[in-house]
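The structure under discussion appears below in the form of structure tokens.
Naming: A, B, ... by sequence-line order, numbering from 1 per chain.
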Protein chains: 4
Amino acid sequence: MQIGFIGLGSMGAAMARNLLESGHDLCVFNRSPVRAEPLRNAGATVAARAAQAAHSAEVVFTMVADDAALESVTFGEMGIVAGMQPGALHISMSTIGVATAQDLAAKHRAAGLGFVSATVFGRPDSAAQRKLFIMAAGADEHLRVALPLLEELGQSVGIVGVDPWQANLVKLIGNFMLTVIVETLGEACAVAGKGGVDPMRLVELLTNAPFNAPPYKIYGPSIAAQRFQPAGFALPLAQKDNRLMLAAAEALGVALPLASLVHDRFLAVRSQGFGSEHDLSALAHAALADAGMARRA
Amino acid sequence: MQIGFIGLGSMGAAMARNLLESGHDLCVFNRSPVRAEPLRNAGATVAARAAQAAHSAEVVFTMVADDAALESVTFGEMGIVAGMQPGALHISMSTIGVATAQDLAAKHRAAGLGFVSATVFGRPDSAAQRKLFIMAAGADEHLRVALPLLEELGQSVGIVGVDPWQANLVKLIGNFMLTVIVETLGEACAVAGKGGVDPMRLVELLTNAPFNAPPYKIYGPSIAAQRFQPAGFALPLAQKDNRLMLAAAEALGVALPLASLVHDRFLAVRSQGFGSEHDLSALAHAALADAGMARRA
Amino acid sequence: MQIGFIGLGSMGAAMARNLLESGHDLCVFNRSPVRAEPLRNAGATVAARAAQAAHSAEVVFTMVADDAALESVTFGEMGIVAGMQPGALHISMSTIGVATAQDLAAKHRAAGLGFVSATVFGRPDSAAQRKLFIMAAGADEHLRVALPLLEELGQSVGIVGVDPWQANLVKLIGNFMLTVIVETLGEACAVAGKGGVDPMRLVELLTNAPFNAPPYKIYGPSIAAQRFQPAGFALPLAQKDNRLMLAAAEALGVALPLASLVHDRFLAVRSQGFGSEHDLSALAHAALADAGMARRA
Amino acid sequence: MQIGFIGLGSMGAAMARNLLESGHDLCVFNRSPVRAEPLRNAGATVAARAAQAAHSAEVVFTMVADDAALESVTFGEMGIVAGMQPGALHISMSTIGVATAQDLAAKHRAAGLGFVSATVFGRPDSAAQRKLFIMAAGADEHLRVALPLLEELGQSVGIVGVDPWQANLVKLIGNFMLTVIVETLGEACAVAGKGGVDPMRLVELLTNAPFNAPPYKIYGPSIAAQRFQPAGFALPLAQKDNRLMLAAAEALGVALPLASLVHDRFLAVRSQGFGSEHDLSALAHAALADAGMARRA
């Protein structure tokens with residue numbers, strides 16, 4: 001299939017390469033062109049503009065950093081909507097806000113284009129190994145086109161609903177649950193540590209017992225060791241997702257006290273100097289600091 | 001080995017039977033004697049008093065409902081301390097408060113008796129299948145005696161520290177983490193449901209993705225369905241453990257905002273009429289009700 | 001002085017009338033023209049467009065409902081900026097967000113116009129009696145013009161700082177403090193009532209003792225009686241101000257757990273059906289409902 | 001009237017002196033006898049034991065530090081219950097827990113003695129000037145005796161209910177409201193300060209406007225200046241009252257999220273080294289520290 005792929009960060013690049021290796025014709029675009037070179041060497045065409053990558057594609061994937069980046073590559077004179085053929089399909093895989101997804105869906109519909117949100121759980125290495133968990137939402141006719149492609153990218157593809165933004169909502173819920181786990185581990189390590197139980201031992205015991213899901217195993221040791229670098233999931237990006245979750249919940253009229261607590265924790269740790277070079281796990285600094293257990297004040 | 005076993009609820013009975021089947025001589029005691037009969041039929045001696053069950057035992061296990069029950073079977077004229085031989089060991093497996101455990105340890109030491117806290121994660125069926133996760137703490141000389149026995153009861157035995165109460169702390173931390181998962185699922189189902197995403201579908205997607213630890217899988221469907229009975233882990237018992245966690249954290253000087261939030265949720269759902277016939281999952285009613293999504297007001 | 005006055009709600013109308021009675025020449029504008037008639041009868045000129053009301057004015061006051069309304073009357077072809085003479089001064093008295101105020105100040109500066117934020121505490125009857133508490137911020141040269149006029153409108157005028165948005169911040173802080181008082185009274189009435197102490201008696205005792213500030217006296221009896229109508233300060237407007245406070249705090253990097261709690265309470269009571277016909281005091285319904293003490297479910 | 005007075009701290013001593021000056025015969029007792037000397041010089045008899053101070057009294061007042069101190073002077077061989085004549089009345093003015101008050105009432109009733117709780121708002125200087133606000137609860141026949149005496153001690157005496165503990169509940173609610181004001185001021189000063197508005201100016205503006213109740217005026221300037229000494233209301237005593245409030249609310253089945261938040265703040269600031277030499281206002285350190293605005297880390 002003729003595919004456009006926009007956004008070649010560590011996630012997008014791995015996914016684009018998988019599509020290429022599955023035999024599709026890819027025309028790729030990345031704002032910073034140097035990241036497109038490895039894909040050119042692997043056989044992809046490299047476009048100079050997003051519109052150009054979309055031009056002859058039946059399906060255009062986007063995987064970019066945030067709402068603003070997605071709006072920028074989608075709309076405008078050189079955006080993909082300007083380049084797409086009538087009836088072509090845009091599969092948006094970025095973690096964006098519900099309101100933005102609603103706006104995108106409406107504008108694609110008005111332009112006679114298809115739109116599917118397909119959000120992912122997994123890190124770049126999972127993307128490379130086609131092990132992503134994918135949640136897709138959109139109209140049946142569009143999902144019919146999207147699903148076979150998405151199945152080439154992950155280990156499972158779940159259908160969320162008929163409105164594309166519902167997939168974005170589920171992704172935000174997942175990231176919300178992740179941040180709550182980080183806060184939980186922070187509080188758990190604080191009270192264990194102050195009780196003379198080595199936090200690393202605590203994490204080992206708990207993740208060997210019922211708390212054996214990947215987020216506990218990934219974040220637990222970092223938090224126990226108070227080792228908040230490198231930034232696997234950069235703190236400000238996680239904070240942005242918390243903001244998007246709160247906005248979506250507010251629009252739906254739902255109070256999320258846990259998300260509010262995490263919101264306050266983000267602000268507190270940012271004020272202590274944690275930033276883009278730190279991982280989401282640095283959120284746990286707040287609980288540790290409140291207990292007088294933080295290594296760095 | 002000659003073993004006393006006090007407390008034959010669904011957990012204790014399963015554990016006592018396993019010890020018996022491993023070839024130990026058991027003298028058992030339960031406040032309500034009828035629960036001892038199956039063990040008598042399986043070869044155990046049944047004592048009329050806790051003291052009597054402890055009398056010729058090298059090791060006495062206790063697995064009772066709460067702090068008061070443990071204090072009652074341990075102390076007093078007919079308690080196990082009155083019955084134990086000098087140098088014998090008490091292995092306390094109940095979920096009790098840190099202060100109670102500290103007090104028990106001190107009193108056993110003063111009486112020339114050994115004391116180990118060995119707390120467990122797992123439900124009665126895991127106990128029956130020797131699949132419990134066990135966390136033990138105590139002096140080396142006592143752990144040396146306790147470990148081989150504990151290994152007959154579970155799939156793993158972790159050493160927490162030298163102070164028995166540290167195992168109780170870890171157990172309370174685990175239960176605290178469990179309640180946070182329940183609250184998280186409640187908030188997640190509320191916002192998904194109000195967004196038109198079927199909560200059951202949400203839970204399926206998330207537990208098929210990174211949130212695949214047993215607590216998510218056990219509590220997720222109940223919460224999505226708002227089916228809070230039967231009481232696997234009865235709401236008031238979980239509330240009691242939250243109280244014990246907050247008390248332990250306060251004594252250690254640690255703020256646990258998540259435990260405070262859960263504390264308030266317990267009070268709210270109890271005031272809505274949820275009680276001992278409901279499961280811990282009923283905690284999620286609060287988030288659902290706040291969103292106007294509760295099936296029962 | 002030649003004065004333009006935009007926004008003749010119950011607050012604005014009372015203030016405009018006071019300026020008129022102090023001897024100024026007023027040209028007034030209101031989106032819904034019928035509200036301008038009483039002022040026309042009292043001697044004011046009535047403009048058909050905001051720009052026209054601003055045209056010959058040395059100072060233009062605005063007192064409108066929210067950020068959008070203020071942006072609408074300020075900018076655009078028929079807005080006051082289009083009508084104002086170079087060097088004229090805009091005194092913005094509405095409760096708006098910090099970011100909007102920053103944007104307004106920048107645009108006025110760029111257009112060669114003065115801009116002062118002067119926010120008010122007080123209800124319409126205080127406005128009528130020139131009893132408002134006013135907080136003003138802006139450049140010295142603009143405050144010099146604004147202060148004598150503001151002193152005609154209130155019992156005190158405090159200078160907050162040189163950046164207009166700082167007066168908006170202080171107003172939002174005041175409203176934030178108000179909402180915390182409402183939540184406090186809700187929790188206090190819930191626990192008193194469940195303890196058999198008549199909430200009305202409690203409020204009487206406390207407001208006769210150290211809690212004698214107007215907000216306790218105004219909101220206390222309504223909350224004790226669970227009488228949330230009429231809407232003195234309409235619930236959705238108070239919710240909007242909470243949103244503006246949280247946005248301002250987030251931009252400044254400050255966690256406000258109390259504002260987060262109130263945010264969640266707003267969402268909860270809105271989901272129970274409280275809306276624009278209800279007063280801010282309805283926020284207290286949440287605490288009362290959690291305690292099983294709410295009269296209306 | 002023949003009066004016994006137990007507890008001569010700064011509050012109790014001022015109250016005892018007022019009763020003496022009103023013409024009553026006082027027999028006083030204080031654990032540390034040196035504090036009784038000024039009252040002896042003013043005409044009081046000084047007892048060596050609490051029981052002795054109660055012996056010939058129609059009414060015995062107690063004004064001591066906490067639940068344990070009250071139980072200690074009330075019960076035991078040398079306690080006031082042992083000394084009181086049948087039908088005499090105990091007026092308990094200390095800030096104690098609801099459960100303790102319930103226990104005291106029951107034991108006095110069983111001993112044929114009267115018991116009234118009469119709690120106070122006000123500082124030692126208010127006590128000296130008979131300006132206390134007093135909240136009394138008890139059976140009518142006991143209140144009839146107590147009220148004329150209480151009126152000699154304060155500017156107002158409110159009747160709370162027929163159960164003595166209800167007066168203790170109202171006192172705890174008042175102190176709860178006080179701590180929420182402190183937290184509110186901490187958050188307000190944090191966001192103002194980070195916005196370039198001098199916190200002291202903010203407090204001045206707000207307390208000159210609707211937030212003019214004594215707690216805002218007393219705690220506002222201390223918090224704005226981050227001057228948490230001397231300890232007018234010592235931090236650990238305020239923390240104890242928060243604990244008593246949470247316990248009372250839990251017993252009544254009421255969630256108090258604000259009290260939970262304050263509970264966590266107390267723990268956080270205690271872990272930062274604030275203690276008995278610091279004032280309740282130090283609670284605000286937490287909000288300021290979270291914002292990176294604390295003067296002392």
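Neither the backbone nor the side chain of D:Ala251 comes within contact range of chain C; no heavy atoms are under 4.5 Å apart. Using a 4.5 Å cut-off between heavy atoms, D:Met135 touches chain C through its side chain atoms alone. For a residue to count as touching a neighbouring chain, one of its non-hydrogen atoms must lie under 4.5 Å from one of that chain's; by this rule D:Met293 does not touch chain C. If you measure heavy-atom distances from D:Leu258 to chain C, the contacts under 4.5 Å come from both the backbone and the side chain. Within the 4.5 angstrom heavy-atom criterion, only side-chain atoms of D:Leu185, from C-beta onward, approach chain C. Both the backbone and the side chain of D:Leu256 come within contact range of chain C, each with at least one heavy atom under 4.5 Å from a heavy atom of that chain.
In this structure, the separation between CG on D:Leu205 and CZ on C:Phe133 is 11.0 Å, given to the nearest 0.5 Å.
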Under 3.5 Å, which donor-acceptor pairs link chain D to chain C? Give each pair on its own line with the distance.
residue: D:Ile159; atom: O; partner: C:Arg201; partner atom: NE; Å: 2.7
residue: D:Ile159; atom: O; partner: C:Arg201; partner atom: NH2; Å: 3.1
residue: D:Gln166; atom: NE2; partner: C:Gly195; partner atom: O; Å: 3.0
residue: D:Gln166; atom: NE2; partner: C:Gly196; partner atom: O; Å: 3.4
residue: D:Glu187; atom: OE1; partner: C:Leu258; partner atom: N; Å: 3.2
residue: D:Glu187; atom: OE2; partner: C:Leu258; partner atom: N; Å: 3.2
residue: D:Lys194; atom: NZ; partner: C:Gly253; partner atom: O; Å: 3.1
residue: D:Gly195; atom: O; partner: C:Gln166; partner atom: NE2; Å: 3.0
residue: D:Gly196; atom: O; partner: C:Gln166; partner atom: NE2; Å: 3.4
residue: D:Arg201; atom: NE; partner: C:Ile159; partner atom: O; Å: 2.7
residue: D:Arg201; atom: NH2; partner: C:Ile159; partner atom: O; Å: 3.0
residue: D:Tyr216; atom: OH; partner: C:Tyr216; partner atom: OH; Å: 3.3
residue: D:Gly253; atom: O; partner: C:Lys194; partner atom: NZ; Å: 3.1
residue: D:Leu258; atom: N; partner: C:Glu187; partner atom: OE1; Å: 3.2
residue: D:Leu258; atom: N; partner: C:Glu187; partner atom: OE2; Å: 3.2

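Heavy-atom pairs under 4.5 Å with chain C were tallied for D:Ile218, D:Val197, D:Val98, D:Leu261; the largest tally goes to D:Val197. The candidate with the highest count of non-hydrogen atom pairs below 4.5 Å against chain C, out of D:Pro257, D:Ala190, D:Ala137, is D:Pro257. Looking only at heavy-atom pairs under 4.5 Å with chain C, the residue among D:Ala249, D:Gly186, D:Ala255, D:Gly195 that has the most is D:Gly195. Per-residue counts of heavy-atom pairs under 4.5 Å with chain D were compared for C:Ala209, C:Pro215, C:Gly292; the largest is that of C:Ala209. Contact count versus chain D (heavy atoms, under 4.5 Å) is highest, among C:Ile134, C:Val162, C:Leu132, C:Ile159, for C:Ile159.
Across all non-hydrogen atoms, the minimal contact from D:Gly174 to C:Leu206 is CA-CD2, 4.1 Å. Contact record, C:Pro210 with D:Pro214: O-CD, 3.2 Å, taken as the closest heavy-atom pair. For the residue pair C:Val191 and D:Leu252, the shortest heavy atom distance occurs at O-CD1, 3.7 Å. Across D:Ala192 and C:Leu169, no two heavy atoms sit closer than the pair CA-CD2, 4.2 Å. The shortest non-hydrogen separation linking D:Ile181 to C:Phe211 is CD1-CE2, 3.8 Å. Nearest heavy atoms, D:Ile173 versus C:Ala188: CG2-CB, 3.6 Å.
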